[in-house]
Protein chains: 2
Amino acid sequence: MRRNTIQKTAIEKVFRQHERPLGIDEVVTYGRELVKSLNQATVYRNLKILIEDGWLERIAHPVLGVLYERTGKGHHHHFYCRECDLTFDLPGCPVNEDDATPEGFIVEDHELFLFGICPSCD
Amino acid sequence: MRRNTIQKTAIEKVFRQHERPLGIDEVVTYGRELVKSLNQATVYRNLKILIEDGWLERIAHPVLGVLYERTGKGHHHHFYCRECDLTFDLPGCPVNEDDATPEGFIVEDHELFLFGICPSCD
DNA sequence: AAGTTATTGCAAATGCATTTGCATTATCAT
DNA sequence: ATGATAATGCAAATGCATTTGCAATAACTT
């Protein structure tokens with residue numbers, strides 16, 4: 001049976017506190033503010049569990065590699081700030097699905113990343 | 001001084017023959033049809049040179065990892081076929097830059113991937 | 001044609017992200 | 001409170017993509 005550990009609880013809290021996609025190192029760093037002994041292997045194990053549980057999902061970031069973010073946000077995209085290296089969720093979708101469908105191709109889904117400078121860094 | 005080898009020439013030809021982003025393995029495989037002894041390390045070395053020369057550029061594919069494609073195609077996006085695993089260039093851009101710019105963010109660039117089934121696999 | 005040396009092929013080495021073995025610790029059912 | 005065992009921390013091990021050392025080969029200059 002699955003047990004609730006303080007490290008798993010801490011990891012979940014990290015995602016609730018930071019409403020944006022996080023990398024493993026960020027989860028470890030922020031998680032240690034809650035559980036100082038938190039180990040990277042433990043983070044990996046729990047991220048896997050949270051993904052299996054459908055609480056998190058993995059995203060492939062073009063610059064940062066693998067990031068994790070909470071599920072259930074609906075269709076949205078991401079903005080990567082080249083200054084602070086953080087990735088933010090973007091509400092809405094600026095992609096015109098019709099224009100996006102080329103001759104003969106069946107478009108099932110899409111993924112968009114915007115790059116630039118975030119409000120804090122501007 | 002830089003020498004023109006048959007393997008470098010072959011690698012360039014591979015990209016000219018297949019007008020789509022290619023992964024290392026594809027370059028090796030197609031390249032060997034032109035130069036049977038072609039080695040993977042040689043491909044890596046030449047891809048690096050072609051990038052330095054501005055003839056190729058690296059793209060981070062959300063599913064396939066690193067792909068390489070010819071430069072000079074102008075702004076465009078990519079379509080990944082989940083059936084055949086190939087990635088195609090898409091002409092035009094279905095992203096509304098204005099809608100894409102959230103409050104306070106400065107958008108400098110963007111990257112879009114479409115997922116679905118290509119004409120050959122449909 | 002001959003010599004110089006950039007490039008290749010091959011195998012071993014790196015660099016990283018992620019996983020795993022194991023002794024120790026902590027959670028939870030009883 | 002106690003026992004059974006899931007989860008943790010740590011370090012070593014994996015798995016991959018990419019790089020590198022080196023002897024052999026091939027491109028060019030003369």
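This one's a predicted model, so the numbers in the text were calculated from it and none came from an experiment. Just so we're on the same page: letters track the sequence lines, and every chain starts at 1.
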Roughly how far, to the nearest 0.5 Å, is the [atom2] atom of [Y] from the [atom1] atom of [X]?
{"X": "A:Glu19", "Y": "A:Arg70", "atom1": "CD", "atom2": "CZ", "answer": "6.5 Å"}
{"X": "B:Leu86", "Y": "B:His18", "atom1": "CG", "atom2": "NE2", "answer": "10.5 Å"}
{"X": "A:Glu108", "Y": "B:Ile117", "atom1": "CD", "atom2": "CD1", "answer": "4.5 Å"}
{"X": "B:Leu112", "Y": "A:Glu111", "atom1": "CG", "atom2": "CD", "answer": "9.0 Å"}

Give the nucleotide from the list C:dC28, C:dT7, C:dT27 with an atom nearest to the side chain of A:Asn4. C:dC28
When the distance from CZ of B:Arg3 to C1' of C:dA6 is rounded to whole Å, what number comes out? 4 Å
Atom CD1 of A:Ile6 and atom C1' of C:dT27: how far apart are they, to the nearest Å? 11 Å
Heavy-atom side-chain contact between A:Val63 and A:Phe113 under 4.5 Å: no
Are the side chains of A:Arg45 and A:Lys48 in contact, using a 4.5 Å heavy-atom criterion? no
Main-chain N/O of A:Gly54 paired to A:Thr71 side chain as donor or acceptor, under 3.5 Å: yes
Is there a donor-acceptor pair closer than 3.5 Å between any side-chain N or O of B:Arg20 and the backbone N or O of B:Thr87? no
Nucleotide range of DNA chain D contacted by chain B, 5' to 3', under 4.0 Å to a heavy atom? D:dA17 to D:dC28
Scan residues 28-52 of chain B against DNA chain D and write down, sorted by residue number, each residue with any heavy atom closer than 4.0 Å; if none is found, say none. B:Gln40, B:Ala41, B:Tyr44, B:Arg45, B:Lys48
Ignoring backbone atoms, test whether B:Thr5 places a side-chain nitrogen or oxygen under 4.0 Å from the OP1 or OP2 oxygen of C:dT8. yes
